[in-house]
Protein chains: 2
Amino acid sequence: MHVVVPFDASEPKTRLAPVLDTGERSRFAAAMLRDVLETLRAAGHTPEVLATAPVDVGAPVTVDQQPLTPAVNAVLAAHEAPVLVVMADLPLVVPDTIRRLTGAGSDLALAPGLGGGTNAFCARHPAFRVDYHDGSYRKHRERAAACGATTTTVDSFRLALDIDKPDDLVEVLLHGEGHAETWLRRDGVRTRHRRARPHSCAMTASPR
Amino acid sequence: MHVVVPFDASEPKTRLAPVLDTGERSRFAAAMLRDVLETLRAAGHTPEVLATAPVDVGAPVTVDQQPLTPAVNAVLAAHEAPVLVVMADLPLVVPDTIRRLTGAGSDLALAPGLGGGTNAFCARHPAFRVDYHDGSYRKHRERAAACGATTTTVDSFRLALDIDKPDDLVEVLLHGEGHAETWLRRDGVRTRHRRARPHSCAMTASPR
């Protein structure tokens with residue numbers, strides 16, 4: 001199975017700007033990418049990175065400066081199905097989650113992100129192509145139906161939680177066990193105390 | 001298996017106040033409760049409601065005016081294990097999700113909510129008791145370990161997404177298929193247009 005992890009190497013995780021500076025965001029994004037790559041390897045895959053610029057993370061990297069949609073569609077066109085695409089900002093994913101995605105048994109297994117995006121998919125239908133713009137989860141379901149592909153939605157919070165906003169960081173502290181969680185505890189939390197911005201509350205668990 | 005759905009019948013879903021008025025919140029909360037009860041029945045259970053005041057939803061209701069923690073602990077003390085507790089604000093849950101929770105095979109199956117709460121659990125250990133205050137997911141794991149119970153975390157966004165805030169409503173529109181989704185499309189969206197508050201953007205899917 002061809003396995004690809006798209007990664008924005010140019011200016012990653014801009015929505016974390018209220019709590020992490022440019023260098024910190026870059027290091028945190030690389031830590032999340034390493035987590036995703038290790039999880040994929042632990043699930044028996046040999047992932048490749050599809051990046052907007054060269055990045056050194058101990059995996060083969062293809063640089064494609066196109067936007068996400070044409071870059072992923074170029075991968076789908078160039079490789080025989082099945083193709084597995086997992087975003088780089090999913091540090092909570094564990095090997096069992098990946099197995100649920102690849103073992104779903106339909107032509108397209110989709111992992112929705114919070115808010116209606118698509119955080120990962122496993123496509124076994126050669127005609128399926130992506131369109132990541134605005135609410136892609138629903139769009140991908142419609143596209144699959146249009147090319148006669150069956151679809152399964154993978155019900156996983158580990159796949160649903162792309163780490164984008166300050167509020168998401170608490171989830172990494174709660175459920176993460178890899179590089180991103182370690183980085184956040186060591187460097188991110190230190191950062192927080194140094195700055196003491198209001199957003200730092202994002203790192204405290206909420207009630208219930 | 002004894003199955004309980006705790007429900008705040010007094011003043012439900014106050015955090016939705018920016019987009020729904022008191023009566024609307026009450027009707028929406030009841031619609032979510034009905035969804036959860038129907039899903040539990042479809043998974044083969046006979047759920048009871050544990051409410052802070054009488055409520056008419058076509059299921060047996062026990063009224064307990066205590067806070068959530070002592071009320072749920074009274075249920076755990078009164079019934080032989082296993083006991084399944086599922087919150088009322090999880091309208092995305094489907095029967096398969098419930099089966100993953102009850103079939104997890106450990107002494108305690110925990111479904112974390114976003115932010116570190118506990119949205120549902122299935123306890124097979126007689127000594128387990130809850131404490132819903134502040135970051136209960138981690139606390140429940142520790143408590144289970146302290147009484148020698150094995151724990152599984154159920155990886156489900158359908159169980160993780162308690163519908164609390166305006167931003168959560170988009171998830172109901174995206175993934176819901178029951179009373180809550182219908183109510184929101186019919187009455188909630190009408191409400192939105194009437195008021196045209198900035199929060200209404202909560203009902204639009206975000207990019208990717």
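Computation of the quantities below employed the complete heavy-atom set of this structure, encompassing side-chain atoms and omitting hydrogens, waters and symmetry-equivalent molecules. Just so it is clear: chains get the letters A, B, ... in the order the sequence lines come, proteins before strands, and each one is counted from 1.
For a residue to count as touching a neighbouring chain, one of its non-hydrogen atoms must lie under 4.5 Å from one of that chain's; by this rule B/V154 touches chain A with the backbone only. Residue B/L92: no heavy atom, backbone or side chain, is found under 4.5 Å from chain A. When heavy atoms are compared at a cutoff of 4.5 Å, B/R138 approaches chain A solely by way of its side chain, counted from C-beta outward.
Residue pairs meeting the ring-ring contact (aromatic ring centres under 6.0 Å, His included) criterion with at least one member in residues 142-175 of chain B, sequence neighbours excluded: A/Y137-B/H175, B/F157-B/H175.
For residues 96-109 of chain A, the interface with chain B (any heavy-atom pair closer than 4.5 Å) comprises A/T97, A/R100, sorted by residue number.
Residues passing the side chain to side chain contact (heavy atoms under 4.5 Å, CB included) test with B/T69, sequence neighbours excluded: B/N73, B/V130, B/D131, B/Y132. Partners of A/H2 by side chain to side chain donor-acceptor pair (under 3.5 Å), not counting sequence neighbours, listed by chain and number: A/H79.
For the set A/G113, A/S156, A/A111, the count of heavy-atom pairs under 4.5 angstrom toward chain B peaks at A/S156.
Residue B/E177 places its CD atom among 12 or fewer non-hydrogen atoms of other residues, nucleotides or ligands, all under 6.0 Å distant.
Atom CG of residue B/D167 and atom CG of residue A/L114 lie 10.0 Å apart, to the nearest 0.5 angstrom.
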